[in-house]
Structures are given as C-alpha cells and as structure tokens.
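The block underneath contains the structure these notes are about, expressed in structure tokens.
Below, chains carry the letters A, B, ... as their sequence lines are ordered, and counting in each starts from 1.
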Amino acid sequence: MEEPKTKNGSEAGESRPGNFIRAIIDEDLKAGKNDGRVVTRFPPEPNGYLHIGHAKSICLNFGLARDYRGKCHLRFDDTNPCKEEVEYEESIQNDVRWLGFDWGENFFHASDYFPQLYEYALDLIRQGKAYVCSLSAEQMRDYRGTLREPGRESPYRDRSVEENLDLFQRMKAGEFPDGTHVLRARIDMASPNLNLRDPVIYRIRHEEHHRTGDQWVIYPMYDYTHCISDALERITHSICTLEFEDHRPLYDWVLDQLDVPCHPQQIEFARLNINYTVLSKRRLIELVTGGFVSGWDDPRMPTLSGIRRRGYTPVSIRNFCEKVGVAKRDSCVDMGLLEFCIREDLEQAAPRAMGVLRPLKLVIENYPEDQVEEFEAPCHPNDPAMGTRTIPFCRELFIERDDFMEDPPKKFFRLAPGREVRLRYAYIIKCTEVIRGAHGEIVELRCVYDPETRGSAPADGRKVKGIIHWVSARHAVAAEVRLYDRLFVKEDPCADKSVDYKTHLNPHSLEVLTGCLVEPSLAKAVPENRYQFERLGYFCADRWDCKPGRLVFNRTVTLKDTWAKIDKKD
RNA sequence: UGGGGCGUCGCCAAGCGGCAAGGCACCGGAUUUUGAUUCCGGCAUACCCAGGUUCGAAUCCUGGCGCCCCAGCCA
C-alpha cells in the first residue's frame, strides 16, 4: 500500500467516497463498539484464480483496514478438500500482493481451526443443539421441504446426546463411509429461511486435504466454519456478497450458541459485474479447461493474472474499484470504465514510442541514399523528467497502412496522393506516387520531403494538419504484437439461459500480428514494460513470451480514437 | 397469500424531510508535431408507479409494480 495512510472516513478532510459500510463502521466507532478496532478479512476459497470481482472485495476490505488504521486478514476458506489446491493458494497470494496489499502476519486458514471447530461441535451436541443425521442426501432434500412448504423433522433429530457424541466421534474416527452420516444444527425445520432448516455443519469426506493431509475425514461446512473463524480472529466486520444475506441468521445463530471471543457483524454488498465478460469461477474454469483461452492468465481473461498480463497496472485496478463504489444494488459496470482507468494511469506513466503494426513502405525520393539522421524525441510530451530517446531516420521508412488512403473522405487528414503530412518528430512529406504489386495492391509509396520543416512549421505558413508515426526501414526492430478485444460480443453473455454463453465468445478477441516494426529503442524492452505506441494505444511487453531478440507486445487498450468515431458516423 | 434484498441520468453512485454530489459515456468549444492528453462549457423541474402525511418528500406512511438471491453432505 503505497498511498499515505489516512485517518478514518469520518474525519474531516477525508475525500474517499462514502458508502454504507463506512457509515456502519463510523457509527460503530462512535458507539464505542469493538474497543475502536476495525478488523476485516479477505476469505477466498483456494479453488480458482482471483478475478476483478475479487479485486473489489480486496480493495474494500484492505482499504477499510488502511483507512481506519485496522487490520485485514488473508484467510483461506479451505473446508472442502475435494476442490482446493495449493496452486490456487499461491496464485491468490501473488495476486493480492501484486494489487498492492499486505496482510502482514495475519495469514490464516480455516483448516487451522479444525480442532477448535470440532470441540465447538461437541459443545453444540452437548447442548442438544446439534445431532447426527443418517438420512441420505436425497432423503434430506425431501425432508427439507420447499420454498413454500415447511420441512419435516428428521427421524434422527431426537437422538440422545450420548448417542450423538458417540456417533460424531466415530465419524471423526473414520468408522463410516462418505455420505452415511452428517452432523446437523438443530434449529427449525419450519423456518421460512431454508438455511435454518437444520443445516448440515459436518460431512464425512475420506479425502486428502492439501494442508491437513489425512488427519481428518470429517470436514465442517462453510456456514459453521466461517462465523467461528471470524470470531476466533476477532474480526469486527465480516464483509461478504449479497447472496449470503440469507445466511446471516445462521451466522448469528451459531455464534450465539457458542462461547466464542466475540460476535463479528456480517455486512453484505453487491458483487461486481462488468459487461462483455463473465465473472463466475465456474465459467472462468470452463473457459480455461475447454481451451477457449490459453490459460488463467490469458490477457483476455478478467482474472487478475490475465489483466496483469494484458498490461493493466495495480493502481488502475484500485482506482477502478474506487470508482465503482460499494452498494447493495445489483449492477453491471461498463467495461469502458475499466479502460478509462488504465488509460488514465498509463497516460502519465507510460513512455512513448513509435511502432508500426501493419507496415507500408515509403521512400523519400529527394532524401540522400546514404544519409541517416538522428532525432531526439521526448519520452513523454508533457513530462520532460522522463527524458528523451533518439530515433534514426533515413530515406526508406515504414508507415501504418491505415494512415494512407488513395481516395480519402473529406475529414481524413493523413497521407493521400498529392497530400502533405508531418512525420512525427521529423519532416513534412508529400506523396507523389503509389506503387502497385502484381494484383494491384499498394506495395510502396514514393514521397518527397521538405528539408526546411524539421522540427518547425513550414516557412510559407501552409498548414499541415496530419501527423503520422513511422519507423526507419534500416533501423526498425521486428516485433510480434497481440491485439486483444473484448472476450464476448454480447453485453451480458449469460442473459439468455437457453443459449450457452460460450456461443457469444468474440471470434476476433485475439489478432496476432507478426510483421510489426518498432523503433530501435524498444529492443531493450523487458517483460511487463509498458509503452504508449503513439497514436495507437498502450502496449505491454508480454510477461512470458517477450525475450531478448524476440519482442512480443500485448495491446492493453487503444487510445481514445475520435477519428474512428467520425469515420464510423460517415 | 415462503423468506431475504434492491429500485435516483445510457452505466456506476452520493443523498438519511429543506428544494438532485461526483465519475464514466455522450455533445459542444479552446489549445496541441499523438484526430491522445489538458482545458473550459453542456448533460435528471427530476428520484419505479399511485395515493397519503407535511409549509416543504428521492428522503416519512400506505398500496402496487419490477428485478435479484435461497430448496449443495459448495463457498
């Protein structure tokens, strides 16, 4: 967290946006709750990679801890040995750190509490508030009732404390196969809240756990584990997403029965949605395993590792999460906001360079054959502190194919036959001839340059509106450039439940360009270096594939393109 | 005629009875050797609807309507 530590949100001068969670904390503080402590936690299940939706939660929880001078714990919710892996734990920690947050010593696992959780379960049984149920899964579903009808009590509901204790201990000892018994909380089978109809709190799973190995064959369920874990860690505000709102009565019930250190407050907020992508673990996994993307960190993925590889910066993600706000309304944020955030950051942070994606050869006929000039260009037009780089210039250049049109529309002010244009940081040139190939395609442009226009406007006062980028044919360096676009063509790929969301995958979400040419100063680019290729967009040297002698750039985002808008309108 | 939430500009989102913040997008215009950036200006007589209370309501009350979540031994 590189930002200066600030005081809490209630103090004057604080500019952070207010949200209902901060309002609750402010009130709690005013009322003297929790001895003035603020302790939050980010509790991922290690069964997938983090995505931008998690970033919202991370920024919220760690941000609260920062602003209220509290703590935010990182706790892995690893209660289901069937789905969880260490690979995920590692990636999650990397991603949280990359985002810019630090949990310090406060690193935990729900599995750390298995022994205590077990003791608490015994306690519940002794109080007659939990029982071993031997109904099958199907039977239990049947007994649970429906949304409108109350459930029926299990025939095992009134087993004696002794029998329950005995059975539960034997469950733990591994005497029974999976699915034969569960431990259930004894609450109310007629509750309109299904979560309270004697929820399962322990199940048998003869499965190796990635941390506890084969030490346990019974594993606690989320509802039972999460609240107790929070209490043991003395969490003050347990922030989760809306779908857990119905679970809050159970969260509170469990803590009310037990002798725990404190009773944290669960607060729910709306999860993040972004259009033209999907943010559900299940679907992201499917995209990866189905080979629809190259992996979890494919630059098109909304995963933090994907976004990172695409070229997004941590600060841009944090700003995005800040701008998105925190509320309880289901919402879907425009992808355009994310793009705004990365442009906003890179505009000031990324050094400029010239690169030609689709090269078109251009020969300056009145420029001496052997002459080479070197131009000193600023690395940033508005920030001299970023220094300069030198750009070689000679008779033969490459320009962007899109910057030439034989028969241009009115508002096109780039190169065309007989027209003048400025070569950025160099001379004004005029196109005199178009050379064609065997099939009539344009293969080369012949031009003349005005030697008097280097670094200055023409003396005769004529106006040249267009400025285009270029590279020297003799000095340019080859590069591969990967152009990324939105992953889906539909705003909400999952809106129509009768159609597989994958049918809305954007077939043009990746375009690989291999014949690109970039200015020689880029030869030294190392993985994750970010640049603005002038007039084109922001590009990031690929984290894995960019190596000395083989440049690979990913397009993070284009520059705002007013011309494209005008062109589309006409 | 199950329960729990939510409805303020195209998209987010403040607002908590005193007369609709802000951001994105969008539309003008200025500067500009990136059609970028920056800069100025515009952008809800209106807060799901209908009644009611009040001098005064997005904010309170009543009744509708709409959307989301819940019937895993997932989290």
Results of side-chain hydrogen bond (donor to acceptor under 3.5 Å, both in side chains) for A:Asp561 - residues two or more places apart only = none

Pairing residues for A:Lys281 by the side-chain hydrogen bond (donor to acceptor under 3.5 Å, both in side chains) criterion, not counting sequence neighbours = A:Asn47

Listed once per pair and sorted, the salt bridge (charged side-chain N to carboxylate O under 4.0 Å, His left out) pairs that draw on residues 191-209 of chain A, sequence neighbours left out = A:Arg157-A:Asp198

Listed once per pair and sorted, the salt bridge (charged side-chain N to carboxylate O under 4.0 Å, His left out) pairs that draw on residues 137-149 of chain A, sequence neighbours left out = A:Asp142-A:Arg152

Side chains of residues 344-353 of chain A: which donor-acceptor partners sit under 3.5 Å, not counting sequence neighbours?
unit_1: A:Asp345; atom_1: OD1; unit_2: A:Gln348; atom_2: NE2; d: 2.8
unit_1: A:Asp345; atom_1: OD2; unit_2: A:Thr313; atom_2: OG1; d: 2.4
unit_1: A:Gln348; atom_1: NE2; unit_2: A:Asp345; atom_2: O; d: 2.7
unit_1: A:Arg352; atom_1: NE; unit_2: A:Ala350; atom_2: O; d: 3.2
unit_1: A:Arg352; atom_1: NH2; unit_2: A:Glu347; atom_2: O; d: 2.3
unit_1: A:Arg352; atom_1: NH2; unit_2: A:Ala350; atom_2: O; d: 3.3
unit_1: A:Arg352; atom_1: NH2; unit_2: A:His380; atom_2: ND1; d: 3.2

task = Report the residues that fulfil ring pair (Phe, Tyr, Trp, His ring centres under 6.0 Å) with A:Phe176, sequence neighbours left out, ordered by chain and then residue number.
result = A:His181

key: Closest nucleotide among B:C73, B:A75, B:A71 to the A:Thr146 side chain   = B:A71

Taking the [atom1] atom in each of [N] and [M], what is the distance between them to the nearest angstrom?
| N | M | atom1 | answer |
| --- | --- | --- | --- |
| B:A20 | B:U45 | C1' | 10 Å |
| B:A30 | B:G23 | C1' | 23 Å |
| B:U8 | B:A50 | P | 16 Å |
| B:A13 | B:G7 | C1' | 14 Å |
| B:C43 | B:G10 | C1' | 12 Å |
| B:C69 | B:G64 | C1' | 22 Å |
| B:G41 | B:U33 | P | 24 Å |
| B:A46 | B:A57 | C1' | 13 Å |

request  = Would you check if the distance from the ring center of A:Phe320 to the ring center of A:Tyr312 is below 6.0 Å?
outcome  = no

task = Pull out every residue in residues 179-196 of chain A that has a heavy atom closer than 4.0 Å to any atom of RNA chain B, ordered by number, or say none.
result = A:Gly179, A:Val182, A:Pro192, A:Leu194

Could you give the [atom1]-to-[atom2] distance, from [X] to [N], as a whole number of Å?
| X | N | atom1 | atom2 | result |
| --- | --- | --- | --- | --- |
| A:His247 | B:G72 | NE2 | P | 11 Å |
| A:His226 | B:C74 | NE2 | P | 17 Å |
| A:Glu268 | B:C70 | CD | C1' | 13 Å |
| A:Asn80 | B:C74 | CG | C1' | 6 Å |
| A:Asp223 | B:G4 | CG | C1' | 14 Å |
| A:Tyr224 | B:C73 | OH | C1' | 16 Å |
| A:Glu245 | B:C67 | CD | C1' | 15 Å |
| A:Leu147 | B:G4 | CG | C1' | 12 Å |

query = Under 4.0 angstrom, heavy atoms only, what part of the nucleic acid is A:Phe340 near: base, sugar-phosphate, or nothing?
reply = sugar-phosphate

query = Is A:Met354 touching bases, backbone alone, or none of the nucleic acid, heavy atoms closer than 4.0 Å?
reply = nothing

ask   = RNA chain B: A:Asp246 or A:Lys83, which has the more 5' nearest nucleotide?
value = A:Asp246

inquiry  = Nearest heavy atom decides the nucleotide; on that basis, is A:Lys565 or A:Phe244 closer to the 5' end of RNA chain B?
reply    = A:Lys565

query = What heavy-atom pair brings A:Lys56 and A:Ala270 nearest, and what distance separates the two atoms?
reply = NZ-O, 2.8 Å

request  = Heavy atoms only: give me the nearest A:Pro359-A:Phe398 pair and the separation to one decimal.
outcome  = CB-CD2, 3.6 Å

Write down the partner of [N] under the Watson-Crick or G-U wobble criteria, each distance required to be under 3.5 Å.
| N | result |
| --- | --- |
| B:C60 | B:G52 |
| B:A71 | none |
| B:C24 | B:G10 |
| B:C39 | B:G29 |

key: Base orientation of B:G72, syn vs anti, 90° cut from 0   = syn

task = Mark up nucleotides 7-15 of chain B, 5' to 3', with B wherever a protein heavy atom is under 4.0 angstrom from a base atom, S wherever such an atom reaches only the sugar-phosphate, and - elsewhere.
result = SB--SSSS-

note = Once base and sugar-phosphate atoms are separated, protein heavy atoms under 4.0 Å mark nucleotides 29-39 of chain B, 5' to 3', with B, S and - as ----BBBSB--

ask   = Looking at residues at least two apart in the chain, or sitting in another chain, which of them share a side-chain contact (heavy atoms from CB on, under 4.5 Å) with A:Arg211?
value = A:Asp78, A:Glu89, A:His109, A:Ser111, A:Asp112, A:His209

ask   = With sequence neighbours excluded, what pairs up with A:Cys540 under the side-chain contact (heavy atoms from CB on, under 4.5 Å) test?
value = A:Arg530, A:Thr556

query = Should A:Leu483 and A:Val481 count as side-chain neighbours, where that means a heavy-atom distance under 4.5 Å?
reply = yes

query = Are any non-hydrogen side-chain atoms of A:Met405 and A:Arg419 less than 4.5 angstrom apart?
reply = no

Name the atoms and distances for all side-chain donor-acceptor pairs under 3.5 Å in residues 420-430 of chain A, with sequence neighbours left out.
unit_1: A:Glu420; atom_1: OE1; unit_2: A:Arg462; atom_2: NE; d: 2.7
unit_1: A:Glu420; atom_1: OE2; unit_2: A:Arg462; atom_2: NE; d: 3.2
unit_1: A:Glu420; atom_1: OE2; unit_2: A:Arg462; atom_2: NH2; d: 2.6
unit_1: A:Arg422; atom_1: NH1; unit_2: A:Ala426; atom_2: O; d: 2.6
unit_1: A:Arg422; atom_1: NH1; unit_2: A:Thr453; atom_2: O; d: 2.9
unit_1: A:Arg422; atom_1: NH2; unit_2: A:Thr453; atom_2: O; d: 3.4
unit_1: A:Arg422; atom_1: NH2; unit_2: A:Ser456; atom_2: O; d: 2.8
unit_1: A:Arg424; atom_1: NH1; unit_2: A:Glu534; atom_2: OE1; d: 2.0
unit_1: A:Arg424; atom_1: NH1; unit_2: A:Glu534; atom_2: OE2; d: 3.2
unit_1: A:Tyr427; atom_1: OH; unit_2: A:Glu373; atom_2: OE1; d: 2.6
unit_1: A:Tyr427; atom_1: OH; unit_2: A:Glu373; atom_2: OE2; d: 2.6

message = Please confirm whether the shortest side-chain N or O distance from A:Arg197 to OP1 or OP2 of B:G3 is below 4.0 Å.
response = no

